[in-house]
Amino acid sequence: MKFLLEVQVDQGRLVQDPEGELGRILRYWGGNLRHYSLKPGDGSAVYDSDYQEVGRWHIAGPAETDPPAPRPAA
């Protein structure tokens with residue numbers, strides 16, 4: 001499994017203060033993750049401090065994130 005966070009840094013408040021806003025987003029979600037079971041499929045929208053959606057996070061299962069297994073030689 002993987003925890004994937006994608007934030008669009010060229011929109012909303014992130015344009016004006018990318019370091020501050022991204023830091024705030026990371027602190028908020030770091031503290032809020034305890035409310036989730038963190039199983040594949042869990043996720044949520046990510047908002048800037050103006051409550052504009054700027055991304056998403058989610059838990060991806062193996063099928064979503066791992067490269068295909070090599071095929072055995074014939």
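Counting begins at 1 with the first residue of the sequence.
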Handout entry: Inter-residue atom distance Arg24.CZ - Glu19.CD, 0.5 Å rounding
Key = 14.5 Å
Completion exercise
Residues at least two apart in sequence or cross-chain that pass ring-ring contact (aromatic ring centres under 6.0 Å, His included) with Tyr28, listed by chain then number, are none
Exercise for the section: Compare every heavy atom of Leu33 with every heavy atom of Trp29, then report the nearest pair and how far apart it is. Expected result: O-CG, 2.9 Å
Practice task
Would you mind reporting whether Trp57 and Leu4 have side-chain heavy atoms less than 4.5 Å apart?
Solution key: no
Handout entry: Under 3.5 Å: donor-acceptor pair, side chain of Asp42, backbone of Tyr36
Key = no
Exercise for the section: Of all the heavy-atom pairs spanning Ala45 and Glu53, show the shortest one and how long it is. Expected result: CB-CD, 3.6 Å
Handout entry: Over all atoms of both residues, closest heavy-atom pair of Arg27 and Gly20
Key = NH2-O, 4.4 Å
Handout entry: Minimum heavy-atom distance Ala60-Pro40, with the two atoms named
Key = C-CB, 4.5 Å
Problem - Val54 side chain near Ile25 side chain, heavy-atom distance below 4.5 Å - result: yes
Handout entry: Sub-4.5 Å side-chain heavy-atom contact between Val15 and Val9
Key = no
Fill in the blank from the handout: For Leu14 and Leu22 the tightest heavy-atom approach is CD2-N, 3.7 Å
Exercise for the section: Give a yes or no answer on whether the side chain of Asp48 reaches the backbone of Asp50 with a donor-acceptor pair at less than 3.5 Å. Expected result: yes
Fill in the blank from the handout: All heavy atoms of Glu21 vs all of Ser49, minimum pair found to be OE2-OG, 2.6 Å
